[in-house]
Amino acid sequence: MGTILPRAFFDGPTAEIARGLLGAWIVSDLVPGARRALMITETEAYDGPRDRASHAHRGITLRNRPMFGPPGAFYIYFVYGMHWMVNVVTGPEHYPAAVLLRAGIPEERAAGRDIMPATIKGPALLARHLGITGRMNGLPAEKKNGLWFESRAALPGYEHSKIAASRRVGVEYAGPLWSARKYNFTLLPPRRPGA
DNA sequence: TAAGTGATCTCT
DNA sequence: GAGATCACTTAA
């Protein structure tokens, strides 16, 4: 059990929150019969109206509206006719920004193994693993909504993990300046597997 | 490397 | 209303 991250956690600079979420957990009661949790290992920041990689760059629309709303809510959208993407909204209300959740380690595979735990890698796979669909769009991350964030003790081997910052994935359309921005954050795995 | 898939957005 | 695009995944 961990401490639930309050809404205030998300009311700050987006890149900072994207880093802060690494090693934190997202917990879901959305899959019938089993609580699922992932330790977050990869995030991306989409920060403000000038970020040309962000859906909010061209102003508010029906789809991106949650990005303009209060921090700590989910922004979830559908792409390529089959995939759900999960973001959590950051920054002050009316400032469009969010953090995309791209990868995590499932707790059931992480516990008590001496092998390297398998990572759920890719935003659509992460969403599917946690049973997340568009019905969570715009809702705050709270336990009563079945999807929330927790701070917990680090997984074995991850106690002193470093963070790598690199370019965001799949945003070439944003042009050289914004696609080169190092807004992708990855929690580096331990040198040796397990603990 | 390319197909699959359909909502969304931008232009007519 | 039409056409292009897409913060991806999987099979080859």
Side-chain angles (χ1 to χ4, degrees), chain A residues 10 12-24 26 28 30-31 36 38-91 94-106 109 117-141 147 149 163-188:
Chain A
F10 301 95
T14 308
E16 214 169 276
I17 292 162
R19 298 177 73 105
L21 280 173
L22 296 177
I26 181 165
S28 168
L30 302 175
V31 178
R36 295 199 174 181
L38 291 176
M39 188 184 82
I40 298 164
T41 56
E42 185 185 353
T43 59
E44 265 172 15
Y46 290 85
D47 189 17
R50 300 186 39 214
D51 182 353
R52 301 186 63 135
S54 170
H55 290 165
H57 173 241
R58 291 175 178 273
I60 191 166
T61 68
L62 195 59
R63 175 175 71 163
N64 67 23
R65 186 160 57 195
M67 293 188 78
F68 292 79
F74 290 104
Y75 166 45
I76 293 162
Y77 66 93
F78 193 60
V79 270
Y80 293 107
M82 55 190 104
H83 302 306
W84 293 103
M85 302 282 133
V86 183
N87 298 254
V88 58
V89 176
T90 60
H94 303 126
Y95 179 82
V99 172
L100 173 69
L101 273 32
R102 293 193 57 92
I105 299 173
R109 289 190 222 168
T119 296
I120 303 285
K121 203 169 165 40
L125 294 177
L126 180 150
R128 199 176 67 182
H129 182 260
L130 297 172
I132 300 170
T133 66
R135 73 184 187 285
M136 296 305 298
N137 189 36
L139 296 181
L147 189 61
F149 294 91
I163 293 170
S166 34
R167 304 158 63 107
R168 292 173 288 186
V169 175
V171 298
E172 294 311 309
Y173 61 82
L177 183 72
W178 288 96
S179 66
R181 205 111 183 192
K182 296 194 171 167
Y183 273 179
N184 174 293
F185 303 101
T186 303
L187 194 62
L188 296 175

Quickly work out the A:Phe78 CZ to B:dC9 P distance and round it to whole Å. 14 Å
Is any side-chain N or O of A:Tyr173 closer than 4.0 Å to OP1 or OP2 of C:dA7? yes
Roughly how many Å is it from CZ in A:Arg58 to C1' in C:dT5, rounded to a whole number? 11 Å
With respect to the phosphate group of C:dT10, does any side-chain polar atom (N or O) of A:Arg128 fall under 4.0 Å of OP1 or OP2? yes
Is a donor on one side and an acceptor on the other found under 3.5 Å between the side chain of A:Thr90 and the backbone of A:Thr14? no
When rounded to whole Å, the CG to P distance for the pair A:Asn137 and B:dT8 reads 10 Å
Between C1' of C:dA7 and CG of A:Leu126, the distance in whole Å: 13 Å
Going by atom types alone, do A:Thr61 and A:Arg63 pair a side-chain donor with an acceptor below 3.5 Å? no
When the distance from NE2 of A:His55 to C1' of C:dC8 is rounded to whole Å, what number comes out? 12 Å
Mind checking if A:Arg63 touches a base, just sugar-phosphate, or nothing, with heavy atoms under 4.0 Å? sugar-phosphate
Given atom OH of A:Tyr80 and atom P of B:dT8, what is their separation to the nearest angstrom? 16 Å
Donor-acceptor pair, side chain of A:Arg168 and main chain of A:Glu44, under 3.5 angstrom: no
Hey, does A:Ala124 reach any base, or is it just sugar-phosphate, or nothing, if we go heavy atoms under 4.0 Å? sugar-phosphate
Nearest whole Å is fine: how far is B:dG6 C1' from A:Tyr77 OH? 15 Å
Counting only N and O atoms by type, is there a donor-acceptor contact under 3.5 Å from the side chain of A:Asn87 to the main-chain atoms of A:Ala98? no
With a 4.0 Å cut-off on heavy atoms, is A:Met85 in touch with a base, just the backbone sugar-phosphate, or nothing at all? sugar-phosphate
Measure CG/A:Leu125 against P/C:dA7 and give the value in whole Å, please. 17 Å
Give a yes/no verdict on base stacking between C:dA7 and A:Tyr46: centres under 5.5 Å, planes within less than 30° of parallel. yes
Do the side chain of A:Arg167 and the main chain of A:Glu172 share a donor and acceptor less than 3.5 angstrom apart? no
Respond yes when some side-chain nitrogen or oxygen of A:His83 is under 4.0 Å from OP1 or OP2 of B:dT5, and no when none is. no
Hunt down the Watson-Crick or G-U wobble partner of C:dA7, both distances under 3.5 Å, from any strand shown, or write none. none
